[in-house]
Amino acid sequence: MSKGINPVRNFVQSDSQGDIFNRVKVAVLGATGFTGEKLVEILLGHPQVEITYLASQTPEPVAYKTLLPNFTGKTETICEPLDISEAITKSDFFFLSLPHTVSMEFAPSLLAAGKKVVDLSADYRLKDTSLYQEYYNTAHKDQGNLAKGVYGLAEIYHKQIAKSNLVANPGCYPTSIILALFPLVKEGLINGKVVVDSKSAISGAGRKTAAKLRSMDVANNFWAYKPFVHQHTPEILSILKDASGENIDLSFIPHVAGMAAGIYSTICLNSNKKVSKDEISDIYKKYYQDSPFIRIKEDLPKLGDVVGTNFCDIGFAVNVDGKEIVLVSCLDNLIKGAAGAAVQNMNIMLGWDEAIGLK
Ligand SMILES: NC(=O)c1ccc[n+]([C@@H]2O[C@H](COP(=O)([O-])OP(=O)(O)OC[C@H]3O[C@@H](n4cnc5c(N)ncnc54)[C@H](OP(=O)(O)O)[C@@H]3O)[C@@H](O)[C@H]2O)c1
């Protein structure tokens with residue numbers, strides 16, 4: 001299933017090569033942030049797209065490579081102050097790597113102009129606007145498009161993504177947690193409380209917050225935050241309910257760890273019947289046999305195997321009683337947890353092989 005797919009590592013190539021006339025014109029709004037930068041890196045290596053518009057809050061147009069010198073020799077594209085009318089004339093497919101509330105300012109114009117959009121923010125993930133108000137402290141301003149948006153977890157919503165013009169790319173924690181839990185929830189195997197302990201790299205907080213954290217010597221530090229009240233809790237619960245029909249009782253305790261990239265989720269639960277490790281393994285293989293970026297591991301996965309790739313690795317252990325289960329799921333927060341998943345969604349929305357540009 002995942003054999004033959006190579007990691008995404010070290011794939012940046014020049015955008016001056018090859019025939020670009022038949023390529024889809026793509027834009028990244030929020031191109032200077034962590035996820036925007038990763039998107040540009042992946043899109044420059046994608047054989048079927050051409051980057052035609054990059055934007056941020058830069059006050060003046062400036063060469064992207066001037067803002068991010070690691071792109072020197074890789075792209076001559078200019079990063080513009082975001083102007084949505086200009087963006088619409090220049091591109092047909094849009095990635096919104098913007099903070100929440102900013103995405104829903106711009107998505108309506110893009111959709112009205114017939115463009116396709118993948119939004120990496122939380123603006124189109126929660127169908128229940130009262131939850132959006134509660135967890136993001138602001139009213140939702142685009143309920144019409146919210147109703148039409150599809151949650152962009154390709155392993156569960158592939159068919160819906162293929163027909164959609166607006167995909168809400170999942171949060172990085174929810175991707176690791178939903179992918180790990182979905183098969184057992186769908187099989188009705190979970191008994192009682194699920195406890196999720198997730199560790200995130202500092203890049204999960206965006207470029208400006210990560211810079212502040214680095215100044216606090218975060219490399220030698222590790223802490224829990226927002227237990228029970230993190231904004232990804234309603235996203236995890238509502239998607240698992242939508243996908244499986246089941247409500248689960250879940251406590252989510254996120255942590256920040258002083259690493260540059262990655263999410264590592266450890267999930268403890270009880271099964272309502274005795275199961276063996278082989279039975280659990282067969283369930284995961286059944287659900288993810290057609291998912292090129294999920295790897296079911298024999299042993300508990302290691303973060304280093306997924307950083308720099310679009311893979312989500314999942315492993316598990318079953319206690320001797322056959323009822324207590326630990327699931328472990330890990331991914332690169334900026335790739336499978338953001339930019340890689342966004343490109344996977346674009347591939348599906350445009351009717352292409354979902355792995356193009358991610359090999
Ligand atoms: N980081 C992750 O691991 C991760 C994972 C999944 C999803 N996400 C979500 O993806 C989105 C982007 O995250 P990020 O980590 O890339 O954030 P980031 O590093 O803070 O970057 C934000 C980007 O948005 C631009 N921007 C902000 N306000 C703008 C405005 N009013 N008009 C135009 N551009 C504006 C910024 O431009 P300037 O640089 O000019 O300010 C920057 O390019 C967020 O909604 C986040 O929750 C992040």
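Whatever order the structure lists them in is the order used to number ligands and atoms, beginning at 1.
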Practice task
Provide, to 0.1 Å, the distance between atom 6 (C) of ligand 1 and the closest protein heavy atom, together with that atom's residue and name.
Solution key: G337 O, 3.2 Å
Problem - Atoms of ligand 1, numbered as shown, that sit under 4.0 Å from any heavy atom of N333 - result: 3 (O), 5 (C)
Practice task
Using a strict 4.0 Å cut-off to heavy atoms of G33, name the atoms of ligand 1 that fall inside it.
Solution key: 16 (O), 18 (P), 19 (O), 21 (O), 42 (C), 43 (O)
Completion exercise
Closest to atom 1 (N) of ligand 1 among protein heavy atoms sits S203 O, 2.9 Å
Fill in the blank from the handout: V102 heavy atoms within 4.0 Å reach ligand 1 at atoms 30 (C), 31 (N)
Practice task
For the residue pair T75 and K65, confirm or rule out a side-chain donor-acceptor distance under 3.5 Å.
Solution key: no
Practice task
May I ask you to identify, for A31, whether its side chain, its backbone, both or neither come under 4.0 Å of ligand 1 on a heavy-atom basis?
Solution key: backbone
Exercise for the section: Tell me yes or no: between the side chains of N165 and K116, is some donor less than 3.5 Å from an acceptor? Expected result: yes
Problem - Side-chain donor-acceptor pair present, N333, Y173, cut-off under 3.5 Å - result: no
Problem - Polar side chain donor-acceptor pair, D119 to N169, under 3.5 angstrom - result: no
Completion exercise
If we number the atoms of ligand 1 from 1 as shown, the ones under 4.0 Å from a heavy atom of H100 are 45 (O)
Exercise for the section: Mind checking whether K208 contacts ligand 1 via backbone (N, CA, C, O), side chain (CB onward), both or neither, at a 4.0 Å heavy-atom cut-off? Expected result: side chain
Practice task
Report, in ascending order of atom number, the atoms of ligand 1 lying under 4.0 Å from any heavy atom of T58.
Solution key: 40 (O)
Handout entry: Heavy-atom nearest neighbour in the protein, as seen from atom 27 (C) of ligand 1, with distance rounded to 0.1 Å
Key = P99 CD, 3.4 Å
Exercise for the section: Please state whether the rings of W352 and H46 are parallel, tilted or perpendicular, taking 30° and 60° as the class boundaries. Expected result: tilted
Problem - Donor-acceptor side-chain pairing of K199 and T266 below 3.5 angstrom - result: yes
Exercise for the section: Return yes or no for this condition: an N or O of A122 is under 3.5 Å from an N or O of ligand 1. Expected result: no
Fill in the blank from the handout: Near L334 (heavy-atom distance under 4.0 Å), the atoms of ligand 1 are 1 (N), 2 (C), 3 (O)
Practice task
Flag A205 as yes when one of its N or O atoms lies below 3.5 Å from any N or O atom of ligand 1, and as no otherwise.
Solution key: no
Handout entry: Candidate list T35, V28, L110, D123, test side-chain contact (heavy atoms from CB on, under 4.5 Å), partner L96, passing option
Key = L110
Completion exercise
Ranking L39, L54, L67, L82 by closest non-hydrogen atom to atom 33 (C) of ligand 1, top hit is L82
Completion exercise
So CZ of F182 and CD1 of I156: to nearest 0.5 Å the spacing works out to 4.5 Å
Exercise for the section: Nearest 0.5 Å please: distance from the CG atom of L179 over to the OH atom of Y287. Expected result: 13.5 Å
Handout entry: H140 NE2 to L126 CG distance, which is reported to the nearest 0.5 Å
Key = 8.5 Å
Problem - Test item, G171 contacting ligand 1 (heavy atom, 4.0 angstrom) - result: no
Handout entry: Protein contact of atom 46 (C) of ligand 1 - nearest heavy atom, named by residue and atom, plus distance
Key = L120 O, 4.4 Å
Handout entry: Ring centres under 6.0 angstrom apart (F316, Y284)
Key = yes
Problem - For R207, atoms of ligand 1 separated by under 4.0 Å from a heavy atom - result: 18 (P), 19 (O), 20 (O)
Practice task
Please could you name the atoms of ligand 1 that A338 approaches to less than 4.0 Å, counting only its heavy atoms?
Solution key: 5 (C), 6 (C)
Problem - Top protein contact for atom 25 (C) of ligand 1, by heavy-atom distance - result: G30 CA, 3.8 Å
Practice task
Provide, to 0.1 Å, the distance between atom 35 (C) of ligand 1 and the closest protein heavy atom, together with that atom's residue and name.
Solution key: Q57 CG, 3.3 Å
Exercise for the section: May I ask you to check whether T101 and T138 show a side-chain donor-acceptor distance below 3.5 Å? Expected result: no
Practice task
Indicate whether the side chain of E37 and that of N70 have a donor and an acceptor atom separated by less than 3.5 Å.
Solution key: yes
Fill in the blank from the handout: atom 17 (O) of ligand 1: closest protein heavy atom, distance to 0.1 Å, is G206 CA, 3.9 Å
Practice task
May I ask you to say whether R295 pairs ionically with D313, meaning some side-chain N is under 4.0 Å from a carboxylate O?
Solution key: yes
Completion exercise
Honestly, for T35 the part within reach of ligand 1 (heavy atoms, under 4.0 Å) is both
Fill in the blank from the handout: atom 44 (C) of ligand 1 has as its nearest protein heavy atom L98 O, 3.3 Å
